[in-house]
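Everything below concerns the one structure shown next.
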Number of protein chains: 2
Amino acid sequence: MTQPQTKYRSRCSIARTLDVLGDKWTLLVVRDLMWHGKHTFQELQASEEHIAANLLSERLKRLMALGLVAREAYQDRPVRYRYALTEAGRSLEGLLLQIMGWGHAHLGGGLYDPQAGRTVADATPDGPQ
Amino acid sequence: MTQPQTKYRSRCSIARTLDVLGDKWTLLVVRDLMWHGKHTFQELQASEEHIAANLLSERLKRLMALGLVAREAYQDRPVRYRYALTEAGRSLEGLLLQIMGWGHAHLGGGLYDPQAGRTVADATPDGPQ
DNA sequence: CATAGTCACTTTAATTTTGAAAGTGACTCG
DNA sequence: CGAGTCACTTTCAAAATTAAAGTGACTATG
């Protein structure tokens, strides 16, 4: 009986979360799916930060493999997909809000109110103040 | 007058936070400083996840440049430093707790109670359940 | 019918980051 | 003197990111 190959660096929940979401792009894709009504490849790619197409493709595959995103065809011939968060994917909203709150308080980023569906505090160009 | 070179990819608070903390190691260093009483280079390096020395060195420099960590000499000849979170660094606790909560619920990682100073739920080897 | 355009990717190649190991400098201890 | 400790830095191969170009399956236009 072989040792069950561990998927994660450690037992720590923070390390495990970083193993799957710890990069500069994944949570931006989740943000766009969660709040900004972006659901096609093109819409996701057109976001302000301009993720490279190969990375977007790879990240969507990973999020689907994790069960955080699912896709369904919105067109045949050629088949094209619409991506959406699953229930598990939507559970990341608290995390996004916390990250946004910190970035607003400490890095001068904007504040988005998902309830209102709009920005309620503008960003400063470079940092806080 | 030159355009003030923007430090961040975008005005979004989430993108800005990921610009500075979005990798697999930075928040583990913060975790160890915040909760696990690890303050010297050696202690930080000895953590379960085994960060490479060059990365630890670079991350500590970045965290200091961001004002999230400060160091003070605890010994002369040779001078050696103890690293600690600043007030701004300690403000990341909510974020760590949120990340930990998500990783516990969805990836089966352990739960640490900072109040009690101990693990209150063990991790499962590979995932949730 | 040929050509241009759209969408969703994939491929390619240069650059950057990472990871693991080994090395360095300033000491202390035996 | 030689070994050991601590806090790094250096080195270099491997992996990830970036930007650009290319592909395939169509639809719309002249």
Side-chain angles (χ1 to χ4, degrees), chain A residues 6-10 15-16 18-30 32-33 37-66 69-84, chain B residues 5-10 14-30 32-33 36-66 69-84:
Chain A
T6 296
K7 292 195 300 203
Y8 305 112
R9 277 181 293 180
S10 82
R16 287 189 179 192
L18 294 177
D19 279 344
V20 305
L21 303 173
D23 65 66
K24 301 205 185 305
W25 293 108
T26 304
L27 287 176
L28 295 185
V29 173
V30 173
D32 288 340
L33 293 170
K38 300 185 178 181
H39 293 284
T40 64
F41 195 93
Q42 185 175 233
E43 287 166 349
L44 290 166
Q45 219 196 325
S47 269
E48 198 185 353
E49 295 87 3
H50 302 299
I51 185 171
N54 55 345
L55 286 190
L56 176 56
S57 177
E58 193 268 342
R59 292 301 194 274
L60 286 170
K61 280 176 191 159
R62 287 227 328 245
L63 287 167
M64 288 191 287
L66 287 163
V69 165
R71 69 177 186 182
E72 57 170 42
Y74 70 89
Q75 172 190 296
D76 276 354
R77 303 168 44 246
V79 59
R80 286 182 184 158
Y81 299 98
R82 177 179 306 285
Y83 297 88
Chain B
Q5 149 93 352
T6 296
K7 293 193 304 200
Y8 306 112
R9 279 180 294 181
S10 81
I14 295 170
R16 288 189 180 193
T17 301
L18 294 177
D19 279 343
V20 305
L21 303 173
D23 65 65
K24 300 205 185 304
W25 292 108
T26 304
L27 287 175
L28 295 185
V29 173
V30 173
D32 288 340
L33 293 170
H36 300 315
K38 300 184 178 183
H39 294 283
T40 63
F41 195 93
Q42 183 175 236
E43 286 167 350
L44 291 165
Q45 219 197 326
S47 267
E48 198 185 354
E49 294 88 3
H50 302 299
I51 185 171
N54 55 343
L55 290 189
L56 176 56
S57 177
E58 193 269 342
R59 292 303 193 274
L60 287 170
K61 279 176 192 161
R62 287 225 330 245
L63 287 167
M64 288 190 288
L66 287 163
V69 164
R71 69 178 186 184
E72 57 169 43
Y74 71 88
Q75 172 190 297
D76 278 351
R77 304 172 41 248
V79 57
R80 284 180 186 160
Y81 299 99
R82 176 178 308 285
Y83 298 88

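Residue numbers start from 1 in every chain, and the chains themselves are labelled A, B, ... in the order their sequence lines are given, proteins ahead of strands.
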Shortest non-hydrogen contact from G22(A) toward K24(B): O-NZ, 3.3 Å
Interatomic distance, E58(B) CD vs dG19(C) C1' [rounded to whole Å]: 13 Å
Shortest non-hydrogen contact between D32(B) and S47(B), atoms and distance: OD2-OG, 2.5 Å
Candidates H39(B), R82(B), M64(B) - the one meeting side chain to side chain contact (heavy atoms under 4.5 Å, CB included) with R71(B): M64(B)
Sugar-phosphate only, base, or nothing, as touched by R59(B) at under 4.0 Å among non-hydrogen atoms: sugar-phosphate
Of W25(A) and Y83(B), the one whose closest DNA chain D nucleotide lies more 5': Y83(B)
Sugar-phosphate, base or nothing in reach of R80(B), heavy atoms under 4.0 Å: base
First and last nucleotide of DNA chain D, 5' to 3', lying under 4.0 Å from heavy atoms of chain B: dT5(D) to dT11(D)
4.5 Å side-chain heavy-atom contact, Y83(A) and L63(A): no
Euclidean distance, atom CG of residue N54(A) to atom P of dT15(C) [Å, nearest integer]: 17 Å
Over-ring placement of R62(A) relative to W25(A), 6.0 Å and 45° cut-offs: no
Residue mapping more 5' on DNA chain D - nearest nucleotide basis, I51(A) or K61(B): K61(B)
Interatomic distance, K24(B) NZ vs dT18(C) P [rounded to whole Å]: 10 Å
Side-chain touch T26(B)/L18(A), heavy atoms, less than 4.5 angstrom: no
Length of the CG-C1' vector between D76(B) and dT28(C), whole Å: 15 Å
